[in-house]
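See below for the structure under consideration.
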Amino acid sequence: KIEAEVSQYGDYVVYSDILDLTAIDPVVTEGVKVIGNQAGLTLDTVTSNVLQTGTNVFYCSKGDGTEVTSREALDNTCRLTAKEVKKVAAFLKKVNAPKINGDYVAIIHPFVAYDLQNDPEWIEAHKYATPDNIYEGELGKMGGVRFVESSEAKVYEGGVFGCIFLGANAYGVTEIEGGGLRTIIKQLGSSGVADALDQRASIGWKAIKTAEILLDAYLIRVECKSELSED
């Protein structure tokens, strides 16, 4: 039995009757896009922060092959390469971590993706033999690992990136009936005497969310730097 404490997240924007009358773009449509993007990033970050707490941590070796055993020892040559990817995949296989649709999955920062895409072993997603069921944000794969790019991937102090490698069932997220993501639109005049002149409307979202590591052995965090690291 695994327990996790949930939290509720949300935000909203208020707009006026004057904006609604004079705006060139449809206010509600544009507002929903903005808060939808914020909601997605927020909920992704909640999950990402939990995944970063896994206890299995690898540090990428230096360019000359020197092994690294701490975050502080990472330098700009410690980049994620095909060799490092294959090593992580081997450790996941060692503990019999089940694959996800035939491969393991890694979540990486765009700067790390830049390094990998310059590797000759990199296979672009559109070049898959069977390019079906591609994940949102999926860029490609190598060494039996499919890579999903996210700007919300963790960046530690000193330009160190936390790359998450996953097997199936490594973690879980909340599924509370009625607690999923909701978009809430309040029209002009919906506030009664609190808005006696019908001047205020709002667009918002809310959701209940948490995540929890279920099988720590099926999750590995790989810390590295990038050619584009900002120290």
Side-chain angles (χ1 to χ4, degrees), residues 33-54 56-61 71 74 76-89 91-92 97 99-173 181 209 211 213 218-231:
K33 289 180 182 178
V34 171
I35 67 163
N37 183 60
Q38 183 200 40
L41 291 176
T42 300
L43 300 180
D44 279 353
T45 299
V46 171
T47 301
S48 176
N49 287 344
V50 170
L51 298 183
Q52 292 290 326
T53 65
N56 301 310
V57 186
F58 289 8
Y59 302 97
C60 286
S61 300
R71 184 179 301 165
L74 292 168
N76 198 253
T77 69
C78 299
R79 301 175 189 172
L80 190 62
T81 63
K83 181 179 179 180
E84 300 286 350
V85 169
K86 292 173 183 177
K87 180 168 70 174
V88 175
F91 273 86
L92 288 173
K99 296 180 179 179
I100 305 170
N101 295 326
D103 296 287
Y104 297 119
V105 174
I107 303 169
I108 59 174
H109 189 276
F111 285 5
V112 179
Y114 170 82
D115 293 336
L116 285 178
Q117 287 172 310
N118 288 316
D119 193 296
E121 294 193 35
W122 177 261
I123 302 173
E124 299 286 349
H126 69 274
K127 295 181 180 178
Y128 292 172
T130 54
D132 298 327
N133 301 317
I134 293 176
Y135 303 119
E136 183 176 353
E138 184 173 354
L139 298 175
K141 67 180 181 179
M142 65 165 54
V145 179
R146 296 167 67 174
F147 290 86
V148 175
E149 179 185 65
S150 172
S151 61
E152 295 301 293
K154 185 70 173 180
V155 184
Y156 293 98
E157 186 176 354
V160 174
F161 300 96
C163 308
I164 299 297
F165 286 70
L166 300 163
N169 307 316
Y171 75 99
V173 297
L181 178 62
K209 180 70 181 286
I213 296 174
Y218 294 177
L219 184 154
I220 296 175
R221 183 174 79 251
V222 178
E223 297 192 3
C224 65
K225 287 208 174 186
S226 164
E227 181 181 337
L228 304 178
S229 285
E230 299 173 357
D231 294 337

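Just so you know, these numbers use all the heavy atoms, side chains as well, and skip hydrogens, waters and symmetry mates.
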query: Would you call Phe165 and Asn56 a side-chain contact if the rule is heavy atoms closer than 4.5 Å?
result: no
- request: For Ser48 and Asp44, indicate whether the former's side chain and the latter's backbone hold a donor-acceptor pair under 3.5 Å.
  value: no
task: Measure up the Phe161 and His109 rings against each other and bin them: parallel (under 30°), tilted (30 to 60°), perpendicular (over 60°).
output: tilted
message: Using 0.5 Å steps for rounding, measure from the NZ atom of Lys154 to the OG1 atom of Thr53.
response: 11.0 Å
query: Can you check whether Ile164 reaches Tyr171 side chain to side chain, under 4.5 Å on heavy atoms?
result: no
message: Aromatic contact between Phe91 and Phe58, with the criterion being ring centroids under 6.0 Å apart: yes or no?
response: yes
- prompt: Do Lys209 and Thr47 have side-chain heavy atoms sitting under 4.5 Å apart?
  reply: yes
query: Which pair of heavy atoms, one from Gln52 and one from Arg221, lies closest together, and at what distance?
result: O-NH1, 2.6 Å
- line: Rounded to the nearest 0.5 Å, the CD atom of Glu223 sits from the OH atom of Tyr156 at a distance of 5.5 Å
message: Show the nearest heavy-atom pair for residues Cys163 and Cys224, with the distance to one decimal.
response: SG-SG, 3.9 Å
field: Val85 side chain near Glu121 side chain, heavy-atom distance below 4.5 Å
entry: no
field: Interatomic spacing from CD1 in Ile213 to CG in Asn169 - rounded to 0.5 Å
entry: 14.0 Å
message: Nearest 0.5 Å, please: how far is CG in Asp103 from CZ in Phe147?
response: 10.0 Å
- prompt: Which atom pair, heavy atoms only, marks the closest approach of Ser150 to Ile107?
  reply: CB-CG2, 4.2 Å
field: Distance-minimising heavy-atom pair for Ala168 and Lys99
entry: CB-O, 3.7 Å
query: At what distance, to the nearest 0.5 angstrom, does CZ of Phe111 lie from NZ of Lys225?
result: 13.0 Å
field: Gap separating the CD atom of Gln117 from the CD1 atom of Ile123, nearest 0.5 angstrom
entry: 13.0 Å
- prompt: What are the two closest non-hydrogen atoms of Leu166 and Ile100, and how far apart are they?
  reply: O-CD1, 4.1 Å
field: Shortest non-hydrogen contact between Leu74 and Cys60, atoms and distance
entry: CD2-O, 3.6 Å
- line: side chain to side chain contact (heavy atoms under 4.5 Å, CB included) with Leu80: of Val222, Asp119, Val88, only one passes, and it is Val222
- prompt: Do Arg79 and Glu84 have side-chain heavy atoms sitting under 4.5 Å apart?
  reply: no
- prompt: So do Tyr104 and Ile220 actually touch side chain to side chain, heavy atoms under 4.5 Å?
  reply: no
